[in-house]
There are 2 protein chains.
Amino acid sequence: MPAKSSKTPRRATHSLEQILSTAIEILDREGSKGLTLRRLAGELGGGLGSIYWYVDGKDEMLSLACDALVGRALVAAETHTSDGPALETDDPVIVEAIGDLRRTAMALFDQTQIHPWLAPQLHAQGAATPNSLRYWERLGRPLARIGLTPTQQFNGSTALSGYVTGVAAEMSAQDLHADPHRPKAERLDEIVSQWLASDPDEFSWLHSMADEFRRHDDDEQFAAGLDLLLGGLVRQALARSTDRD
Amino acid sequence: MPAKSSKTPRRATHSLEQILSTAIEILDREGSKGLTLRRLAGELGGGLGSIYWYVDGKDEMLSLACDALVGRALVAAETHTSDGPALETDDPVIVEAIGDLRRTAMALFDQTQIHPWLAPQLHAQGAATPNSLRYWERLGRPLARIGLTPTQQFNGSTALSGYVTGVAAEMSAQDLHADPHRPKAERLDEIVSQWLASDPDEFSWLHSMADEFRRHDDDEQFAAGLDLLLGGLVRQALARSTDRD
DNA sequence: ACCTGAACACCGTTCAAGT
DNA sequence: ACCTGAACACCGTTCAAGT
């Protein structure tokens, strides 16, 4: 413990975890455009350049932040439980595998709801980070277990991960540019009233969805589409197993 | 025709369409980060500030560019044909509706393949542009025609549009940071060899997908997942119609 | 080994001035 | 009505200098 007090200003001390967690805090609070290296340095109480000792640049920092959150999703996927949809089968292998997929997908979706910048950011950066690969692996294994062909496994896994981040990004986008202090119901109302101002002939279907949109719950909406995909995968599995019989 | 020649430099003349189309050209050529207002002004042969007479800023310009491409997808969706998957029914209403959805989804996917920056950009900007609303309307109407409940229509339409842009963004991301001059097969090989360097126990499934990944075709992969969703929607429709019988 | 902050080469946006 | 480009307030990144 150096107890030597002096007039020279204290030098700040950082760590990669500390940098990433306050970066995530800023992103959650101010959005993607609100994260600035200067602001981050200020919040860390240090100098601008020191960040570059831990990280190669802003892009790598964002990539690491995403990877950390995908990591949290992986942890949550192992602990969470979920009641899945009614399946066409009670084959325990299939029921367990589909439940696993559902938990995995839901866990990442949850993270994108907590961190609205996450889904678009995951798409903006293509690099396959370690936890993204683990996530993909976690989507693939159950598909192999239920007996799909390699092509079906491959297509199914990318369909699932594309669906998760796609719908998540779609939902985040509505919150992204909105004032976070206004209650959610008010924001939905405002969006709906914009629809209703559009041509009721050209947008007749959209108009018919106004109530639906006001009532909707993001989690249920996400789960509903997910179950369409999972149901399709179950059918592929069942078609295969009757082939073999 | 003013034939008066003079020593004073010619003033450039712009139009919104011209600005958007050269902006799209630059985006296609150089990617999202390559588009700069200064570069755009240079390529237009004019001054930097004049762009602001036509457009409120860079964000609006990107939004308009996206909207234009969604517009092209809408046009293509009406002219293209596609052979859909084998359905569980030959109800002409359902067959026609599913074919319509398939064409619409494919048409936007095609645009995202031509313009790799499009899918991530669509997600980054939440604002519902005119053609995005038309696109959504085009996804919703067929779902109403086949007799789904309003909630099913709503969830189904957002699942479809989330899937389309999600998978599209996923695929674009692989090309985004890659050297576009190298042949596609080489790039795939390089990605696969990175996988194979990972732990074969932790990533056993991923390793088993190496060949699949090398062989895969983005269009087929996209269509396969799309058909999972469409198949699920057909089943919902059939379940409803037997309820009524 | 780790931190600092001035300096550099960029951005998007604004605006007084032009035609 | 439309265009221009200097000026402004930012960025991310680099690096010589510090501890």
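Every chain is numbered from 1, with letters handed out A, B, ... down the list of sequences.
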Phosphate contact (C:dC3 OP1 or OP2) by A:Tyr54 side-chain N/O below 4.0 Å: yes
Smallest separation among heavy atoms of A:Val70 and A:Asn131, with atom names: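 Answer, listing the atom of A:Val70 first, then A:Asn131: CG1-O, 3.5 Å.
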Once you round it to whole Å, what is the distance between P of D:dC3 and CD1 of B:Ile19? 8 Å
Without decimals, in angstroms, what is the distance between A:Ile51 CD1 and D:dT13 P?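 Whole-Å distance recorded here is 10 Å.
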For DNA chain D, find the residues of residues 56-66 of chain A with a heavy-atom distance under 4.0 Å and give them by number; none if there aren't any.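 When residues 56-66 of chain A is checked for heavy atoms under 4.0 Å from DNA chain D, the hits, listed by number, are A:Gly57, A:Lys58.
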Could you tell me whether A:Gly46 contacts a base, only the sugar-phosphate backbone, or nothing, with contacts defined as non-hydrogen atoms closer than 4.0 Å? sugar-phosphate
Just checking A:Leu35: base, sugar-phosphate only, or nothing, at a heavy-atom cut-off of under 4.0 Å?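 Here A:Leu35 touches the backbone only, sparing every base.
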Roughly how far apart are B:Leu44 CG and B:Ile51 CD1, rounded to 0.5 Å?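 The CD1 atom of B:Ile51 is 6.0 Å from CG of B:Leu44, to the nearest 0.5 Å.
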Taking C:dT14, C:dC3, D:dC11 as options, the one with an atom nearest any side-chain atom of A:Trp53 is C:dC3
Pair B:Glu170-A:Ser161, side-chain donor/acceptor within less than 3.5 Å: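 Yes, because at least one side-chain N or O of B:Glu170 sits under 3.5 Å from a partner of the opposite role on A:Ser161.
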Looking at B:Leu226, is its backbone amide N or carbonyl O close enough to the side chain of B:Tyr163 to form a donor-acceptor pair, meaning the two atoms are under 3.5 Å apart?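 Judged by distance alone, yes, a pair lies under 3.5 Å.
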5'-most contact on DNA chain C (nearest-nucleotide basis), B:Ser50 vs A:His14, goes to A:His14
